[in-house]
Amino acid sequence: MLQKIPFVAISVLFLAQTILPVIANNLTATVVSVGDGDTIRVRTGNKTVTVRLACIDAPEMKQNPWGQQSSARLKQLLPVGQAITIRAVETDKYKRLVAEVFVGNRSINVNMVQEGQAVVYRQYLKGCPESKDSLLQGENTAKQQRLAFWSQANPVMPWDFRHKAAQRPTSQPIQPQQQNNCDPAYPDFCLTKNSPDLNCRNISQRRFKVLPPDPHGFDRDGDGIGCEK
């Protein structure tokens with residue numbers, strides 16, 4: 001498992017009239033794919049890793065059209081094969097590497113916030129002490145200019161959207177007598193063991209926890225969450 005990496009500022013770089021440091025003990029990687037507006041898959045060394053962009057939160061894919069726009073913009077900024085530098089913050093409960101991502105001297109995390117394609121995730125802002133001011137200033141400017149996500153009259157923050165979605169019932173409660181017949185790979189709802197092969201189009205559940213061996217392949221990007229789109 002990747003461990004939390006200490007950081008030490010080693011140089012200062014110019015970005016959008018803001019000074020941002022590059023951090024020592026960073027990782028170099030190549031982009032393999034982009035999921036939503038704050039999640040990517042990268043190749044570093046001989047490993048493929050899921051990276052969650054630190055200190056920002058992009059609209060959910062179901063927050064039409066903002067989620068799709070955010071994902072599309074991140075794909076433009078980080079095309080497949082793009083060389084990047086990663087400043088790792090921690091590994092989250094889904095075993096994703098939470099990190100700041102740089103292309104050359106440019107922070108992609110800050111870039112997404114400045115363009116209104118993501119918002120500052122204040123709950124975790126302590127993980128980005130060196131770019132904190134740039135993130136907050138970028139969000140303030142995006143709000144004032146009503147860019148992308150902020151063009152809405154009453155934007156729903158991504159974490160609030162997820163919370164409301166989690167409160168909506170997505171399946172029948174699991175009865176005690178059914179428990180033994182539920183596939184343990186999907187603990188958030190009851191899917192009968194040895195069900196015929198299914199895909200996300202066949203079920204109503206979205207963004208649920210997946211445990212190995214994931215017999216139906218719902219977790220396509222290996223981040224521990226099934227049917228994210």
- Message: For E60, is there any backbone N or O sitting under 3.5 Å from a side-chain donor or acceptor partner on Q63?
- Response: yes

- Query: Would a distance-only check, ignoring hydrogens and angles, find a side-chain to backbone donor-acceptor pair under 3.5 Å from N109 to V101?
  - Reply: yes

- Task: Indicate yes or no for a side-chain donor-acceptor contact from N181 to the backbone of T192 under 3.5 Å, with no hydrogens or angles considered.
- Result: no

- Query: CD1 of I40 to CD1 of I108: how many Å apart, nearest 0.5 Å?
  - Reply: 8.5 Å

- Message: As an exercise, state the distance from CG of N111 to CZ of R73, rounded to the nearest 0.5 Å.
- Response: 6.0 Å

- Is a side-chain donor-acceptor pair under 3.5 Å present for T48 with R43? yes

- CD (E139) and OG1 (T141) are apart, to the nearest 0.5 Å, by 10.0 Å

- Message: Tell me whether L27 shares a hydrophobic cluster with V32, the cluster being built from Ile, Leu, Val, Met, Phe, Trp, Tyr side chains joined at under 4.5 Å.
- Response: no

- Nearest atoms (heavy-atom pairs only) where D223 meets Y94: O-CB, 3.1 Å

- Got a second to check how far Q68's CD is from K62's NZ, nearest 0.5 Å? 11.0 Å

- Message: Count I, L, V, M, F, W, Y as connected when their side-chain heavy atoms are under 4.5 Å apart, and connections chain through other members. Are L97 and V42 then in the same cluster?
- Response: yes

- Task: Give, for atom CG of L135 and atom CD of Q114, the distance between the pair rounded to the nearest 0.5 Å.
- Result: 8.5 Å

- Message: Using a 3.5 Å distance criterion without hydrogens, assess whether the side chain of D38 forms a donor-acceptor pair with backbone atoms of A58.
- Response: yes

- So do Q69 and P59 actually touch side chain to side chain, heavy atoms under 4.5 Å? no

- Full working for side chain to side chain contact (heavy atoms under 4.5 Å, CB included) between Q205 and C227: CA-CA 8 Å; Q205 288 79 11; C227 299; over 6 Å; no

- Item | ILVMFWY network linking M157 to W66, side-chain heavy atoms under 4.5 angstrom | yes

- Message: For Q123 and W159, which I'm curious about, is there any donor-acceptor pair between the side chains at under 3.5 Å?
- Response: no

- Tell me, with the steps shown, if I203 and H216 meet side chain to side chain contact (heavy atoms under 4.5 Å, CB included). CA-CA 11 Å; I203 62 174; H216 296 280; over 6 Å; no

- Message: Looking at E228, is its backbone amide N or carbonyl O close enough to the side chain of R220 to form a donor-acceptor pair, meaning the two atoms are under 3.5 Å apart?
- Response: no

- N/O donor-acceptor pair under 3.5 Å between D219 side chain and G224 backbone: yes

- Task: Report yes or no: does S70 contribute a side-chain atom to a donor-acceptor pair with the main-chain N or O of Q117 at less than 3.5 Å?
- Result: yes

- Query: Is there a side chain to side chain contact (heavy atoms under 4.5 Å, CB included) between E100 and N26 once you walk through the steps?
  - Reply: CA-CA 10 Å; E100 289 190 273; N26 47 23; over 6 Å; no

- Exercise: identify the closest heavy-atom pair between S71 and V34: O-CG1, 4.1 Å

- Would I84 end up clustered with V49 when hydrophobic side chains under 4.5 Å apart are linked, directly or stepwise? yes

- Message: Does atom CZ (R122) have a neighbourhood of more than 12 heavy atoms from anything else shown, all under 6.0 Å?
- Response: yes

- Task: Examine distances only and state if a side-chain atom of D57 and a backbone atom of Y121 form a donor-acceptor pair shorter than 3.5 Å.
- Result: no

- Task: Taking all non-hydrogen atoms of both residues into account, name the closest pair between L198 and F218 and its distance.
- Result: O-CE2, 3.8 Å

- Do V103 and I86 belong together in a cluster built from hydrophobic side chains that touch within less than 4.5 Å? yes

- Message: Once side-chain hydrogen bond (donor to acceptor under 3.5 Å, both in side chains) is applied, do any residues pair with D214, and if so which ones, sequence neighbours excluded?
- Response: Y186

- Message: Can you give me the closest heavy-atom contact between K132 and L125, atom names plus distance?
- Response: CG-CD2, 3.7 Å

- For P184 against L211, the heavy-atom pair lying closest together: O-CD1, 3.6 Å

- Note on the structure: Correct closest heavy-atom pair for S151 and A148 would be OG-O, 2.6 Å

- Message: Measuring from atom CH2 of W150 to atom CD of Q145, what distance do you get when rounded to the nearest 0.5 angstrom?
- Response: 13.5 Å

- Message: Less than 4.5 Å apart, side chain to side chain, heavy atoms only: is that true for S33 and D221?
- Response: no

